[in-house]
Amino acid sequence: MSNIKLKLKPNTKNNFITYAIMLALFLSVQVLDLTGSLSSLFKGLLVPICMYVILAVSLNLVVGILGELSLGHAGFMCVGAYVSAFFSVAFKEVITADWLRLIIAILMGGLSAAFVGLIIGIPVLRLKGDYLAIVTLAFGEIIKNLANIFYIGVDSKGIHVSTSSVDDLNLLPDGKAILKGSLGISGTPKDSNFILGFILVVITVVVCLNLINSRTGRAVMAIRDNRIAAESIGINVTKYKLLIFSISAFFAGIAGVLYSHNLSSLTATTKNFGYNMSIMILVLVVLGGIGSIRGSIISAVILTVLPESLRVLKDYRMLIYAIVLIVLMIANNNEKTQIIKDKLSIKNFIKNRKNAKMSIKEGD
Amino acid sequence: MALLEVKELGITFGGLKAVDNLNLSLEKGDLYGLIGPNGAGKTTAFNLLTGVYKPTNGSFVFDGVNLVGKKPADISKMGIARTFQNIRLFGNLSVIDNVKIGLHNQIKYSTFSGIFKLSNYFKKEKKFEEEALRLLKVFDIDKDADTLAKNLPYGKQRKLEIVRAMATNPKLLLLDEPAAGMNPNETIELMNTIRYIRENFDLTILLIEHDMKLVSGICEKLTVLNFGTVLAQGETSQVLNDPEVIKAYIGE
């Protein structure tokens, strides 16, 4: 029995380090905040950091664990953002308890994104590799554009939908237009804050790590490593692909909730929900290491803070950012840096000292 | 009644009849060999029996159920397991995880209890661990349990494929060239293993092999394929002395 416990250790230990890093980041932010050494610029970055961490970790489920390239992640985020913002604005006066409205908004954002993920996943997941990447990219764009053409309003008779203008909604005097085409949704309550973001990050990471280490996670990784062999031992490939795709979309939706409740007005542009964003999330995953949840967390934090901290460079900011990104990418996947990393690691330092002591003793 | 009854099974790719009019009958407990020169359609026959390909004609009945048109995963659940000629392990996972994936349909808990680590998760994961280690011990590779599958030496990778197939608790095991790339000693060890699992796991085995020593050593019955059609069928010693078979293998 003790044997078995020992064997479970590497995973548990790995997860523990991840949780410890998250806690350390959280506490250091709290301490900096209390001592007043956080600039307002950095304070404004806290919620986006949480959002990017959730996005990167959830995309890593699809890219790293399922082994399929998806470029539509921002689309699912868009669904979550719009649905939750719509709900919050519509029920601002009805549900007065902020926390209750927020919890429902988060659940609705996540579930609607998961649902869209499921619907898109059914046709899309028949494809593999580059084809899947391109089709998910297209679906992401479709979602973003759909968000821009709809006008939706609510009055005492119910929900009115139109694709041309606010006037076309034919709202009763007591009604209000909530989604106004390309003007988006305005007046979303600003419910997002760092504590909420951090809680959502913790939930995302715990769920993803537990999922990976479970029977389901193993089945998914089996599909990634060899689909034909996975089928031959009775694993339902379609079911698990759809499951992971929807769970990933669920968390992207939650990141969207965080995003939309951090701004008072929500519009869908290429920058926030388009392919730029999807590629950005993929960059986070690749830089952190495909399949490494901890890596995704760290790279999301670094790459969100980096462009802002380069503001002193003014015009050269994005140039330097690009160069730093290239250097990081090359260095992170290089054998020589791996050797240097190993040399510098605390674990090896301790091991080497022990060995040195041993050899001295043997010398005696 | 026969465990596996294959009747006039055939598949055509374009104009090529890869397997044509294959008849096979396996009784429970048989150790049956499927041999033939390269390109004779042996692996294609395996792919038909495991649902990777759909036959263009004919049928096969396993344990009283017609399996034509069933998906590979469903056929696995019915009790047919296989190994692959070109090893198909889950390379980036550890040896024990490979076996645990084989146990996927034997031990179950929901995704939900996995995500939230309910008590069922711990109970069943313990079972996974015990069962996988037990199987690895039978095949004497339990010491490599934490090694990544892709880092195993070749002979052990072949073994692990058999362990993984065994983990699905099959009634019929299809082995596709299990001795390929093995040295004579490893082959002898493999022969003993195959005999052992047939006795102890109540198995029926159908195997494809080029190594005549292995075939004549353990197979009781043989079917010889050549260009997709059956050349000879029957008791091993009889078939191997058939002049037609010798002609197909060695030439005139």
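Values below: every heavy atom of this structure, side chains too, minus hydrogens, waters and symmetry copies. Chain letters run A, B, ... following the sequence lines, proteins first, then strands; residues in each count from 1.
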### Region of Ser214(A) that comes under 4.5 Å of a non-hydrogen atom in chain B
both
### Task
With a 4.5 Å cut-off on heavy-atom pairs, point out which of Ser113(B), Gly102(B), Ala167(B), Gly114(B) contacts chain A the most.
Gly114(B)
### Task
Return the option, out of Val207(A), Ile228(A), Leu211(A), with the maximum number of heavy-atom pairs under 4.5 Å with chain B.
Ile228(A)
#### Entry: Any Lys128(A) side-chain heavy atom under 4.5 Å of Leu132(A) side chain
no
### Salt-bridge criterion met for Lys159(B) and Asp140(B) (N-O under 4.0 Å)
no
### Message
With no hydrogens and no angle check, just 3.5 Å: does a side-chain donor-acceptor pair link Asp176(B) and Thr83(B)?
### Response
no
### Query
Looking only at atom types and distance, does a side-chain atom of Glu186(B) sit under 3.5 Å from a main-chain N or O of Gly155(B), one as donor and one as acceptor?
no
## Note on the structure
In terms of heavy-atom contacts, Arg158(B) and Phe84(B) come closest through NH1-O, 3.2 Å
#### Entry: No-hydrogen, no-angle side-chain donor-acceptor test under 3.5 Å, Thr136(A) and His73(A)
no
### Query
Can you say whether Leu103(B) sits under 4.5 Å from chain A via the side chain, the backbone, both, or neither, judging by heavy atoms?
neither
### Query
At a heavy-atom separation under 4.5 Å, does Thr168(B) approach chain A through its side chain, its backbone, both, or neither?
side chain
### Residue selection (most heavy-atom pairs with chain B, distance under 4.5 Å) from Ser232(A), Gly291(A), Gly234(A)
Gly234(A)
#### Entry: Top contributor to chain B contacts, counting heavy-atom pairs under 4.5 Å, from Ile235(A), Asn236(A), Leu243(A), Ile212(A)
Ile235(A)
### Summary
Applying a strict 4.5 Å limit to non-hydrogen atoms, the region of Ile75(B) in contact with chain A is neither
#### Entry: chain A contact via Lys124(B) - side chain, backbone, both or neither, heavy atoms under 4.5 Å
neither
### Message
Quick check for you: among Met221(A), Arg215(A), Arg224(A), which has the greatest number of heavy-atom pairs under 4.5 Å with chain B?
### Response
Arg215(A)
### Query
Can you name the closest pair of heavy atoms from Leu214(B) and Ala179(B) and give their distance?
CD1-CB, 3.9 Å
